[in-house]
Amino acid sequence: MSEWYQDPENMQEPPEEQPTFEPSAPYEAPVPASVEPTSYEAPAPAPVEPTSYETPAPAPVEPTSYETPAPAPVEPTPYEAPAPAPVRPSPFAQPKATQEEPTPPPAYMPPRSPYEQSPYYNRYSPVAPPAQTKTNGANVALVLLAVLCVLSIVLNVGLAFRMFTLEDKQPADPSDKPSVQTPVDEPEEEGEGDRGVIEDGPTLQITDAEAINDGGLATKEIVSRNLDATVVLTMYTKTANSFYGYFYGEEGDSLTEAGGASGIVLSEDGYIITNSHCVYDEDAQRKYDRIDVTLYDGRVFEGAQIIGYDPTTDLAVIKVDAEDLTPAEFGDSSALSLGDRVVTLGNSGGLAWTVSQGILSGQARDVYEDTGYAIKCLQVDAIINPGSSGGPLINAYGQVVGVNSAKIVMSGYEGLGFSIPINDAKAVIDDLIKYGYVTGRVSLGIMGRTITSIGYEGFMIESIGEKSALIGTNAKAGDIITHVNGKRVTDYAQMRTELTSHEVGDTVELTLLRLDRQTRQTVTFDITVVLQESR
């Protein structure tokens, strides 16, 4: 009898070969190899007589509660998971020769803090505090707006209070600032120089050194003799569209305090000596709009008249409407010797009538060597601060021997103050009072600045005045003066030195350098001018 799949009617792919079993020899499961039990290995089941087609059942095992007994007892920990329930092996599963060694549970560790969760945490380093929660931006804006509103209310109340009380305020003592009550007197236009000659004006009188008794005075006596002869100046400038004027309805410009200085009383009728930079704003290139004068007795004179000022020597004269001022006594500055005791008095740093004492450290110092009319100054170690400008330098006999003017302000420098000797200042002061300017000085009537570019060194003309000596010549703004009468000049100081060697009315030849902006070509040419008097 043929097999069923060999029948022609049932021709098809032969089935996969199935395992055959000998009827005489029933299937026997191979006995696992004997393995030395380990501490983590369960013992092999006892052999059982196999039956046909069945895997002998393992030896009965005493069931435990949900876990396989470990060979070695282990103390359970809070982190140990319970063992899984036993699984009945499949009849056809082949037993493993060895059992995998279970992973021991981790040792107990205390819970870590939130900061230790980072892999970069160092337990020996300070732990940073947790990040702060970001504040809502809208809340911040509201807080800032509220603060600004409060500040605005306080400012308005303060300004209103000052407006109603300012007119009645009077200085309680000489150190109080002067009140602002009257409008500004319009000063004469700078550069006029034609106010006329004052024939009856005072002149500076210097006491002969031979008339001075030896010995000198105590510092206290020196100061007391000069307190009434020393004044405090307050300078103001006009400010358009000010906050104060906008809110309180004031029309036009308002005055803003621009600085403080000192002065020396020259005469009983109100003539006062000070510095040029105390009446002329060098940054704004114009005179201050108002200057108030405060006396030691508390009186305030507003809107002092500028009689004349000379930037070259840094001297000026102003006048207030008074008849009973206490003038200073002036001494011979040429009689001073190195080491002589000197005293300064003035509005040092805004602190009125500040006294400082020192010695004469040097004579004939070229502080103004950048000008053609350099005054050789006295050097002192007494304190001269901003605000001291225009104040007196006093000798041991209580006499004013200098007008304090400048100090060196540089890192590493101390005690270098300078004062204009009164002997050299006399001629300038007398001319300013009588004519309003210093006579006999030559001028070209131009404005400009020094040029240091290589190949173009000289004095560049920026503007030519209506009465300039260059009117009618080929010179124009932008030209550079390089020679005076054939002598090379590379800056303003050299040009002024050459010009001052001549007198008013002399004819000089100037060499000019002109640069064509388009072609970048330079042209050099000469002009002849007649020197005028500086006013």
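- Within the 4.5 Å cutoff, no side-chain heavy atoms of Lys287 are placed close to those of Val279.
- Checked by atom type and distance alone, the side chain of Lys434 never pairs as donor or acceptor with a backbone atom of Asp200 at under 3.5 Å.
- The shortest distance between side-chain heavy atoms of Phe301 and Leu295 falls below 4.5 Å.
- Note that CG of Leu510 and CG of Leu512 are 6.0 Å apart. Values are rounded to the nearest 0.5 Å.
- Contacts of Gln532 classified as side-chain hydrogen bond (donor to acceptor under 3.5 Å, both in side chains), with partners at least two apart in sequence or in another chain: none.
- Under the side-chain hydrogen bond (donor to acceptor under 3.5 Å, both in side chains) criterion, His277 pairs with Asp314, Ser389, not counting sequence neighbours.
- Checked against side chain to side chain contact (heavy atoms under 4.5 Å, CB included), Gln357 has the following partners two or more places apart in sequence or in another chain: Thr219, Arg341, Val343.
- To the nearest 0.5 angstrom, Leu393 atom CG is 7.5 Å from Thr344 atom OG1.
- A distance-only check finds no donor-acceptor pair linking the side chain of Asn275 to the backbone of Leu315 [under 3.5 Å].
- Residues Val400 and Ala328 come closest through the heavy atom pair CG2-CB, 3.8 Å.
- Judged as a salt bridge (charged side-chain N to carboxylate O under 4.0 Å, His left out), not a single pair has a partner in residues 350-360 (not counting sequence neighbours).
- Ser453 pairs by the side chain to side chain contact (heavy atoms under 4.5 Å, CB included) definition with Ile451, Tyr456, not counting sequence neighbours.
- Pairs engaging residues 469-479 under the side-chain hydrogen bond (donor to acceptor under 3.5 Å, both in side chains) rule: Asp479-Arg514 [sequence neighbours left out].
- Few gaps surround CD on Glu462; more than 12 heavy atoms of other groups in view lie less than 6.0 Å from it.
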Subject >> salt bridge (charged side-chain N to carboxylate O under 4.0 Å, His left out) assessment of Arg441 paired with Glu533 >> reply: CA-CA 5 Å; Arg441 290 184 178 172; Glu533 186 176 45; over 6 Å; no
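- Remark: Glu221 pairs with Arg225 by the side-chain hydrogen bond (donor to acceptor under 3.5 Å, both in side chains) rule, at least two apart or across chains.
- Every residue was checked against the ring pair (Phe, Tyr, Trp, His ring centres under 6.0 Å) condition with Tyr271, not counting sequence neighbours, and none meets it.
- Panel note: side chain Thr500, backbone Arg496; a donor-acceptor pair is recorded below 3.5 Å.
- Atom CD of residue Glu302 and atom CG of residue Asp321 lie 12.5 Å apart, to the nearest 0.5 angstrom.
- Test Val231, Asn226, Val403, Thr230 against Ile264 for side chain to side chain contact (heavy atoms under 4.5 Å, CB included) and you get one pass: Val403.
- Within the model, atoms OH of Tyr309 and OG1 of Thr274 stand 14.0 Å from one another, a figure rounded to the nearest 0.5 Å.
- When atom types are taken as modelled, the side chain of Ser276 and the backbone of Ala316 share no donor-acceptor pair closer than 3.5 angstrom.
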Original post:
Yes or no on salt bridge (charged side-chain N to carboxylate O under 4.0 Å, His left out) for Asp324 and Arg299, after CA distance, side-chain angles and deciding distance?
Top reply: CA-CA 12 Å; Asp324 57 349; Arg299 286 183 290 169; 3.2 Å; yes
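- In this structure, Met495 and Val484 have side chains that are in contact, with non-hydrogen atoms separated by less than 4.5 Å.
- Annotation: side chain to side chain contact (heavy atoms under 4.5 Å, CB included) contacts of Ala261 (sequence neighbours excluded): Leu233, Met235, Cys278.
- Shown here are the side-chain hydrogen bond (donor to acceptor under 3.5 Å, both in side chains) partners of Thr326, two or more places apart in sequence or in another chain: there are none.
- Counting all heavy atoms, side chain and backbone alike, Gln399 lies closest to Glu329 at NE2-OE2, 2.9 Å.
- Between Ile481 and Thr511 the shortest side-chain heavy-atom distance does not fall below 4.5 Å.
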**OP:** List the steps, then state whether side-chain contact (heavy atoms from CB on, under 4.5 Å) holds for Asp506 with Val530.
**Re:** CA-CA 6 Å; Asp506 287 352; Val530 178; over 6 Å; no
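- Across all non-hydrogen atoms, the minimal contact from Ala258 to Thr237 is CB-CG2, 3.8 Å.
- You'll find the side chain of Ile394 stays beyond 4.5 Å of the side chain of Val401, heavy atoms only.
- Summarising the geometry, atom CD1 belonging to Ile222 is positioned 7.0 Å from atom CG belonging to Asn395; distances are rounded to the nearest 0.5 Å.
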**OP:** Might you work through the side-chain hydrogen bond (donor to acceptor under 3.5 Å, both in side chains) test for Asp310 and Thr313, ending with a clear yes or no?
**Re:** CA-CA 6 Å; Asp310 180 36; Thr313 56; 2.6 Å; yes
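- With Ser254 contributing its side chain and Thr239 its backbone, the two residues share a donor-acceptor pair below 3.5 Å.
- Within the 4.5 Å cutoff, side-chain heavy atoms of Phe418 are placed close to those of Arg365.
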Original post:
Stepwise, does the side-chain contact (heavy atoms from CB on, under 4.5 Å) test hold for Val317 with Ile272?
Top reply: CA-CA 6 Å; Val317 177; Ile272 297 170; over 6 Å; no
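- Within the 3.5 Å criterion, the main-chain N or O of Leu336 finds a donor-acceptor partner in the side chain of Gln363.
- Across Gly349 and Asn385, no two heavy atoms sit closer than the pair N-CB, 4.2 Å.
- With hydrogens and angles ignored, the 3.5 Å screen pairs no side-chain donor or acceptor of Tyr236 with any backbone N or O of Ile291.
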Donor-acceptor pairs are to be reported for all side-chain atoms of residues 422-432 against protein atoms at under 3.5 Å, with residues two or more places apart or in another chain.
| unit_1 | atom_1 | unit_2 | atom_2 | d |
| --- | --- | --- | --- | --- |
| Asn423 | OD1 | Ser333 | N | 3.1 |
| Asn423 | OD1 | Ser333 | OG | 3.0 |
| Asn423 | ND2 | Asp332 | OD1 | 2.6 |
| Lys426 | NZ | Leu204 | O | 2.7 |
| Lys426 | NZ | Asp430 | OD2 | 2.9 |
| Asp430 | OD1 | Leu204 | N | 3.1 |
| Asp431 | OD2 | Thr439 | N | 3.1 |
| Asp431 | OD2 | Thr439 | OG1 | 2.8 |

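- Leu325 is listed as a side-chain neighbour of Val320, based on a closest heavy-atom distance under 4.5 Å.
- The line from CH2 of Trp353 to OH of Tyr296 is 8.0 Å long, rounded to the nearest 0.5 Å.
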**OP:** Determine, step by step, whether Val529 and Val508 satisfy the side-chain contact (heavy atoms from CB on, under 4.5 Å) criterion, reporting the C-alpha distance in whole Å, the side-chain angles of both residues, the deciding distance to 0.1 Å, and the verdict.
**Re:** CA-CA 6 Å; Val529 298; Val508 298; 3.5 Å; yes
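- Residues meeting the side chain to side chain contact (heavy atoms under 4.5 Å, CB included) test with Ser262, sequence neighbours left out: Asn347.
- Between the side chain of Asp289 and the backbone N or O of Lys238, at least one donor-acceptor pair lies under 3.5 Å.
- Two residues are said to be in side-chain contact when any heavy atoms from C-beta on lie closer than 4.5 Å; Ile527 and Leu470 meet this criterion.
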